[in-house]
Amino acid sequence: MKQEYDFSKMKSRKNPYAAKLKRQVTIRMRDDVITYFKGMSEETGIPYQSLINLYLRDCMATGRQPDLSWK
């Protein structure tokens with residue numbers, strides 16, 4: 001293995017996974033929702049933001065609609 005490598009002659013290329021990267025957003029949620037997912041996070045070892053993302057993706061995939069009957 002070389003001590004140093006010369007990367008100056010390398011050609012750059014686009015990241016093939018760039019389209020699949022997550023985008024940072026700001027969203028307001030009630031404390032009880034955050035507490036729920038943080039508790040689930042401690043049980044599973046999965047970061048709570050990832051759990052929220054998984055849940056929302058599941059809702060999207062199954063076409064689940066929110067219950068708005070409380071209005």
Side-chain angles (χ1 to χ4, degrees):
M1 184 181 255
K2 294 182 179 182
Q3 290 292 329
E4 291 185 24
Y5 291 89
D6 182 15
F7 294 109
S8 63
K9 296 178 183 175
M10 285 185 64
K11 294 182 181 178
S12 65
R13 58 183 172 156
K14 290 185 179 181
N15 182 348
Y17 302 104
K20 298 178 182 179
L21 295 177
K22 295 178 182 176
R23 188 171 86 184
Q24 182 176 348
V25 297
T26 302
I27 185 170
R28 295 184 186 276
M29 290 187 221
R30 290 178 24 170
D31 283 337
D32 58 343
V33 173
I34 300 296
T35 301
Y36 174 80
F37 280 101
K38 282 188 175 183
M40 193 183 300
S41 173
E42 290 176 8
E43 293 173 14
T44 62
I46 300 171
Y48 78 97
Q49 291 176 331
S50 295
L51 288 172
I52 294 170
N53 187 53
L54 286 170
Y55 180 75
L56 292 174
R57 286 181 54 84
D58 181 58
C59 289
M60 183 180 68
T62 60
R64 189 173 305 139
Q65 297 291 321
D67 178 12
L68 301 176
S69 62
W70 56 271
K71 279 189 163 185

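Values below: every heavy atom of this structure, side chains too, minus hydrogens, waters and symmetry copies.
In Tyr5, the OH atom is crowded: over 12 heavy atoms of neighbouring residues, nucleotides or ligands sit closer than 6.0 Å. More than 12 heavy atoms of other residues, nucleotides or ligands lie within 6.0 Å of CG in Asn15, so this atom counts as buried by the packing criterion. Applying the 6.0 Å contact sphere to CE of Met10 captures no more than 12 heavy atoms from other residues, nucleotides or ligands.
Remark: Lys38 NZ to Ile52 CD1 distance equals 9.5 Å, nearest 0.5 Å. Note that CG of Asn53 and CZ of Phe37 are 10.5 Å apart. Values are rounded to the nearest 0.5 Å.
When hydrophobic clusters are built by joining Ile, Leu, Val, Met, Phe, Trp and Tyr residues whose side-chain heavy atoms come closer than 4.5 Å, directly or via intermediates, Val33 is grouped together with Ile46. Tyr55 and Val25 sit in two unconnected hydrophobic clusters of ILVMFWY residues. Membership requires side-chain heavy atoms under 4.5 Å apart, directly or through other members. Linking ILVMFWY residues whenever their side-chain heavy atoms come closer than 4.5 Å, directly or via other members, leaves Leu56 and Met60 in distinct clusters.
When all heavy atoms of Asp58 and Arg64 are compared, the pair lying nearest together is OD2-NH2, 3.2 Å.
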